[in-house]
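Let me begin by presenting the structure, written as structure tokens, before commenting on it.
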Amino acid sequence: MGGSGVDEVDDWELTGPTTGVTTLVLVGRTGNGKSATGNSILGRKAFKSRSRSGAVTQTSELQHVEMNDGRQLNVIDTPGLFDPTVNPDFLGKEIVKCIDLAKDGLHGVLFVLSVRNRFTAEEAAALESLQMLFGEKILNFMVVIFTGGDELEENLETLEDYLHESPLELQELLRQCNHRKVLFNNKTTSETTMARQITELLKQIDIVVAQNGGHPYSNELFHEAQERLNRQKDIDSGGYSKEEIQFLQKQMENAYAEQLKQLTEMVEEKLRITTERLEQRLSSEQSARENAEKRAQIEQEESGEKIRMLQEKLQKAEEETENLKKQMGGGSKCVIL
Ligand SMILES: Nc1nc2c(ncn2[C@@H]2O[C@H](COP(=O)(O)OP(=O)(O)OP(=O)(O)O)[C@@H](O)[C@H]2O)c(=O)[nH]1
């Protein structure tokens with residue numbers, strides 16, 4: 001494995017075979033509506049979307065669909081990979097699994113947000129982890145999906161109104177993604193609304209694909225997954241005897257297990273560094289906030305003291321004026337100019 005060094009983020013390159021299938025992966029926090037959006041794209045309830053039973057996506061899963069225009073899509077749903085409670089061991093294995101599902105590379109990364117949930121520091125951290133693991137280039141493949149279009153509509157709000165009030169981090173994310181965004185109403189029963197949002201998504205995906213010269217996002221992990229696929233094809237078509245096939249399969253399984261172990265370790269190491277950096281940043285932001293609060297409190301106390309002194313001076317001056325008036329009233333012919 002080439003760049004297994006944890007800091008070699010930029011060695012993740014853009015290459016990949018053109019297979020005629022567009023592969024999209026849904027990422028984002030648990031509960032933002034990844035599975036529901038996946039189902040809207042597929043036009044069927046293939047992914048388990050959280051219902052009253054509270055079921056959450058446990059592992060990455062791929063589904064295929066042929067769209068009305070004949071376009072072939074692979075859609076990968078993922079669990080909340082970058083949620084703060086996820087442990088690195090699970091994340092490492094899930095990312096490797098996800099890459100394995102997308103052997104031919106990814107054409108689009110759908111970063112799913114919900115207008116019903118605030119864009120939080122955790123969300124910003126998730127995005128940072130994604131960039132740390134896959135390099136800045138991942139942003140060139142990203143389209144931001146906002147779910148909850150129905151709720152905006154109920155409040156007579158547009159996506160632009162919502163974004164106008166949104167935190168700077170979200171505005172920055174959109175800027176980095178060249179403002180590629182789509183509003184989804186996964187609850188709609190209107191075929192026209194559903195068709196409109198899917199068409200808009202496909203338009204954004206076409207832009208991404210064109211801007212990346214038709215190449216999917218890929219890296220060394222994808223290459224290794226691709227090689228395994230090719231070896232499997234060789235075995236299937238090599239005219240081997242049953243025993244030879246069994247032997248080759250066993251060899252491949254062992255090699256795969258070893259690779260998986262190495263890849264998981266690498267992902268975990270990258271993630272550990274990301275988490276450390278984030279914790280450092282959050283703690284320095286926290287202490288900067290505390291210092292600012294302390295300064296504001298001191299300034300408030302100081303200005304309170306100044307006001308008190310001014311009030312004292314004013315009172316003294318009033319008393320002196322009063323005394324002077326009394327003296328004048330006592331028969332003196334003094335004239336004050
Ligand atoms: N009103 C409304 N609710 C939505 C929309 N999209 C998703 N939801 C709801 O949001 C909740 C979470 O949706 P999921 O699709 O399970 O979210 P997820 O991101 O896949 O979550 P996990 O499977 O837990 O990782 C469900 O109750 C959905 O019905 C939408 O456009 N409008």
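In this text, all values refer to a predicted model and were calculated from it rather than measured experimentally. Atoms within each ligand, like the ligands themselves, are counted from 1 in listed order. Numbers here simply count residues along the sequence, with the first being 1.
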Taken to the nearest 0.5 Å, the spacing of Ile99 CD1 from Leu106 CG works out to 8.0 Å
Note: ligand 1 atoms sitting under 4.0 Å from heavy atoms of Gly148 are 30 (C), 31 (O), 32 (N)
- Query: Taking C-beta and beyond as the side chain, do Gln72 and Met67 meet within less than 4.5 Å on heavy atoms?
  - Reply: no
Atoms of ligand 1 under 4.0 Å from any heavy atom of Glu151, numbered from 1 in the order shown, are 1 (N)
Could an N or O of ligand 1 be found under 3.5 Å from any N or O of Lys48, whether backbone or side chain?
no
Nearest heavy atom to atom 10 (O) of ligand 1, choosing from Gln58, Arg29, Arg116, belongs to Arg116
Note: ligand 1 atoms sitting under 4.0 Å from heavy atoms of Lys34 are 15 (O), 17 (O), 18 (P), 19 (O), 20 (O), 25 (O)
Ligand 1 to Ala36, heavy atom cutoff 4.0 Å, flagged ligand atoms 6 (N), 7 (C), 15 (O)
Under 3.5 Å, is there a donor on one side chain and an acceptor on the other for Gln311 and Arg308?
no
* To do: Say whether Ser35, considering both its backbone and side-chain N or O atoms, lies within less than 3.5 Å of an N or O atom on ligand 1.
  => yes
Donor-acceptor contact below 3.5 Å, side chain Gln131 vs main chain Leu139: no
Could you say whether the N/O atoms of Pro79 and ligand 1 ever approach to under 3.5 Å?
no
field: Check: Lys187 N/O within less than 3.5 Å of ligand 1 N/O
entry: yes
Does any donor atom in the side chain of Ser35 or Asp77 lie under 3.5 Å from an acceptor atom in the other side chain? yes
Worksheet item: Less than 3.5 Å between some nitrogen or oxygen of Asn186 and one of ligand 1, yes or no?
Response: yes
In ligand 1, the atoms that come under 4.0 Å of a heavy atom of Asn185 are 31 (O)
Logged contact type for Thr30 with ligand 1, heavy-atom cut-off 4.0 Å, is both
- Arg29 side chain to Thr120 side chain, donor-acceptor N/O pair below 3.5 angstrom: yes
(message) Side chains of Thr59 and Lys97 only: does a donor on one sit below 3.5 Å from an acceptor on the other?
(response) yes
- Donor-acceptor pair between Gln286 and Glu290 side chains, under 3.5 angstrom: yes
Value for CD (Gln63) from CZ (Arg44), rounded to nearest 0.5 Å, stands at 5.0 Å
Quick note on ligand 1: atoms under 4.0 Å from a heavy atom of Phe184 include exactly 31 (O)
